[in-house]
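Treat the numbers as computed from the prediction; the structure is a model and nothing was measured. For the single chain, residues carry numbers from 1 onward in sequence order. Note that ligands are numbered from 1 as they come in the structure, with each ligand's atoms numbered from 1 the same way.
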Amino acid sequence: MKQYRDLNDIPDLDRLIEQAISLKKDPFAFKELGRNKTIGMLFFNSSLRTRLSTQKAAQNLGMEVIVMNLNSDGWKLEFEDGTIMDGDTAEHIREAAAVISQYVDIIALRAFPSLTNKEEDQKEMILNSFSTYASVPVVNMESATAHPLQALADAITITEFKNKPKPKVVLSWAPHPRALPHAVPNSFAKMMQLLDVDFLITNPEGYDLAPEIIGNTPVVRDQKAALADADFVYAKNWSSFTDYGKILLNDPSWMITLDKIRSAKFMHCLPVRRNVIVEDAVLNSDQSLVIQQANNRTWAAQSVIKSILEEQNA
Ligand code: SN0
């Protein structure tokens with residue numbers, strides 16, 4: 001694999017999932033692969049699972065890890081070309097990405113959307129600029145519109161826990177006090193469209209994801225009807241896409257409860273707001289897969305980094 005900016009970069013999904021599951025059984029089998037190589041993990045936003053699991057994945061492959069929080073520790077970056085930089089941006093992405101590329105062999109990047117300017121966010125300026133001006137592969141650790149490492153961990157989790165050939169998977173919107181990005185539901189939906197599952201999305205009016213994300217997936221307004229007979233329920237809040245970045249409603253009746261999901265397995269990318277997104281009873285039950293799902297972040301990242309290192313060595 002050349003890079004991992006979105007799910008389109010995956011040459012063979014089944015192989016990537018199988019490789020992740022075998023790395024989980026034997027984490028240090030490729031400890032020599034990353035010897036004398038460095039991954040630079042650059043964060044514009046907060047992170048717990050992504051930071052720790054990606055670091056661990058790289059270390060399992062024998063890599064050195066450099067982590068930098070660019071917002072607090074770096075110079076404020078300029079992304080526009082031709083700007084007269086006499087304002088608050090001190091360094092241009094052209095220099096920054098070229099320089100960082102000399103220090104590391106892979107750049108991993110987290111950059112959330114503004115949620116104020118839809119066109120800008122859809123352009124993925126930060127991810128794409130790094131990609132353009134870096135001379136090493138770029139891995140997406142959640143960008144404005146995609147979180148492909150999370151989606152890969154989700155696919156591994158469903159593969160491990162399904163007990164029928166074609167399980168029913170429901171992505172349900174849930175309430176949240178803050179406006180959240182579309183990256184996680186976007187990549188989850190795209191991933192489910194690639195797997196052999198019966199996939200539905202349920203969300204209130206005004207919360208439809210981008211048409212190119214929905215594709216042929218049914219969008220059901222009635223959450224109860226959508227959740228009937230589900231094998232996996234994936235909860236996530238997102239802000240409106242049409243009325244971009246807005247919170248249109250916060251109806252607590254959309255919270256996920258045990259009563260609604262019955263015997264289905266529960267999934268969420270975390271961090272999760274207890275008793276807002278989902279009631280305690282679900283998270284505290286053994287139907288909840290959130291901890292196993294977070295564990296799979298390591299094996300997803302390790303499978304991706306391994307494939308990129310192999311391509312670099314080829
Ligand atoms: C992020 C999101 O994209 O929804 C990261 C998820 C992996 N989540 C949040 O920002 C949650 C913040 C909060 O206040 O609960």
Trainee: Taking the side chain as C-beta and beyond, is there a heavy-atom pair between W238 and N203 under 4.5 Å?
Mentor: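 When only atoms from C-beta onward are counted, N203 and W238 do touch, with a gap below 4.5 Å.
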Trainee: Any chance you could pull the hydrophobic cluster mates of I66, using side-chain heavy atoms under 4.5 angstrom and chaining through other members?
Mentor: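 Its cluster partners, ordered by chain and number, are L42, F44, M68, L70, L77, F79, I93, V99, I100, Y103, V104, I107, L109, M125, I126, L127, F130, Y133, V136, V138.
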Trainee: With respect to D231, which candidate in K265, K162, K168, K164 satisfies the salt bridge (Lys or Arg N to Asp or Glu O under 4.0 Å) definition?
Mentor: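 Option passing the salt bridge (Lys or Arg N to Asp or Glu O under 4.0 Å) with D231: K164.
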Trainee: Go ahead and list the nitrogen or oxygen contacts between ligand 1 and the protein that come in under 3.5 Å, distances to 0.1 Å, or just say none.
Mentor:
unit_1: ligand 1; atom_1: 3 (O); unit_2: E142; atom_2: OE2; d: 2.6
unit_1: ligand 1; atom_1: 4 (O); unit_2: K236; atom_2: NZ; d: 2.7
unit_1: ligand 1; atom_1: 14 (O); unit_2: R178; atom_2: NH1; d: 2.7
unit_1: ligand 1; atom_1: 14 (O); unit_2: R273; atom_2: NH2; d: 2.5
unit_1: ligand 1; atom_1: 15 (O); unit_2: H176; atom_2: NE2; d: 2.9
unit_1: ligand 1; atom_1: 15 (O); unit_2: R273; atom_2: NE; d: 2.9
unit_1: ligand 1; atom_1: 15 (O); unit_2: R273; atom_2: NH2; d: 3.4

Trainee: Rounded to the nearest 0.5 Å, what's the gap from CD on Q312 to NZ on K37? Could you check?
Mentor: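 Here the rounded value is 4.0 Å.
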Trainee: For the atom pair CE (M255) and CZ (R273), what is the distance rounded to the nearest 0.5 Å?
Mentor: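 That separation rounds to 14.5 Å.
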Trainee: D154 versus Q293: any side-chain heavy-atom pair under 4.5 Å?
Mentor: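 Counting from C-beta outward, D154 and Q293 do come under 4.5 Å.
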